[in-house]
Amino acid sequence: MDGPVVTDFAHDVKACALGQASSSIMVACGRLDRGELRDLRETVRKMRRKTAAPRKANGPTSRLLEPVRDYKARHASTMLTFDAVVDAIGQVEAKAKEPASAQG
C-alpha cells in the first residue's frame with residue numbers, strides 16, 4: 001500500500017469458477033484505495049440479496065457477479081477474495097499503528 005491506495009495485489013487462487021471469477025474481478029478493478037475496496041466488498045455482499053442492486057460506482061466488473069445471488073452455496077467462495085483483501089488492509093493498518101519497536 002502507498003498511503004490509502006493498494007498498489008500491489010497478488011493471489012494464488014484455488015477455488016471454484018466463481019471464486020476464480022471474483023479474484024479476476026478484484027484484479028480488474030485496478031488501483032483502488034482502501035475505502036473503495038471496502039465499498040466494493042459491501043456492494044458484492046449486498047448483491048447476494050434479491051433486494052439490492054449493484055452500484056455503478058465500482059464499475060461494470062462487480063455487476064458480473066449479480067447472477068450469483070441465486071446460488072447461496074457459492075456465496076462464500078464468491079466473497080473469499082473480497083474478504084481477504086479487506087482483511088489484509090486491516091492488517092496493514094493495524095501494523096502501521098504499532099510502535100516502530102513492536103514492528104520488528
Side-chain angles (χ1 to χ4, degrees):
M1 291 184 71
D2 183 10
V5 178
V6 175
T7 57
D8 194 18
F9 173 79
H11 56 263
D12 183 17
V13 181
K14 305 226 187 319
C16 66
L18 291 171
Q20 293 175 29
S22 295
S23 293
S24 295
I25 287 169
M26 178 63 75
V27 171
C29 287
R31 291 173 56 122
L32 297 175
D33 70 33
R34 57 184 158 220
E36 291 169 321
L37 286 164
R38 286 182 171 118
D39 287 347
L40 177 60
R41 177 183 67 171
E42 290 311 307
T43 297
V44 175
R45 185 181 310 279
K46 289 176 183 176
M47 274 194 297
R48 297 179 308 172
R49 296 192 309 254
K50 292 198 181 277
T51 58
R55 294 182 353 193
K56 292 181 181 176
N58 291 317
T61 52
S62 63
R63 299 181 78 191
L64 296 173
L65 293 174
E66 189 173 0
V68 172
R69 74 171 52 143
D70 295 329
Y71 301 94
K72 289 185 180 186
R74 295 294 179 214
H75 287 183
S77 62
T78 302
M79 290 303 301
L80 183 62
T81 291
F82 300 101
D83 289 338
V85 168
V86 170
D87 180 64
I89 291 169
Q91 290 178 39
V92 169
E93 290 171 338
K95 187 171 183 170
K97 290 179 184 177
E98 291 178 3
S101 60
Q103 293 182 16

Minimum heavy-atom distance G3-R34, with the two atoms named: O-NH1, 4.0 Å
Just so I know, are the side chains of D83 and R41 near enough to count as touching, which here means a heavy-atom distance under 4.5 Å? yes
In this structure, would M1 and M26 fall into the same cluster of hydrophobic residues linked by side-chain contacts under 4.5 Å? yes
Test log, rule side chain to side chain contact (heavy atoms under 4.5 Å, CB included), inputs L37 and I89: CA-CA 9 Å; L37 286 164; I89 291 169; 3.7 Å; yes
Just so I know, are the side chains of L65 and T78 near enough to count as touching, which here means a heavy-atom distance under 4.5 Å? yes
Does one hydrophobic cluster hold both V92 and L40, with members joined at side-chain heavy-atom distances below 4.5 Å? yes
Using a 4.5 Å cut-off on heavy atoms from C-beta on, say whether the side chain of M79 contacts that of V44. yes
Report yes if the side chains of F82 and I25 come closer than 4.5 Å at any heavy-atom pair, otherwise no. yes
Hydrophobic clustering (ILVMFWY, side-chain heavy atoms < 4.5 Å, transitive) - are V27 and V6 grouped together? yes
Hey, could you give me the OG1/CG distance between T7 and D33, rounded to the nearest 0.5 Å? 12.5 Å
One thing to verify: whether R45 and E42 come together as a salt bridge, which I'm taking to mean a side-chain N less than 4.0 angstrom from a carboxylate O. yes
Should H75 and V68 count as side-chain neighbours, where that means a heavy-atom distance under 4.5 Å? yes
Please evaluate residues D12 and K14 with respect to the criterion salt bridge (charged side-chain N to carboxylate O under 4.0 Å, His left out), reporting the C-alpha separation (whole Å), side-chain torsions for both, the decisive distance (0.1 Å), and the verdict. CA-CA 7 Å; D12 183 17; K14 305 226 187 319; 3.1 Å; yes
Might you confirm whether atom CZ of R74 has over 12 heavy atoms from other residues, nucleotides or ligands at distances under 6.0 Å? no
Taking NZ, NE, NH1 and NH2 as the nitrogens, is one of them in R38 or E93 under 4.0 Å from a carboxylate oxygen of the other? yes
Quick one: closest heavy-atom pair of T81 and G19, and the distance? OG1-O, 4.2 Å
Rounded to the nearest 0.5 angstrom, the CG-NE2 distance for L80 and H11 is 10.5 Å
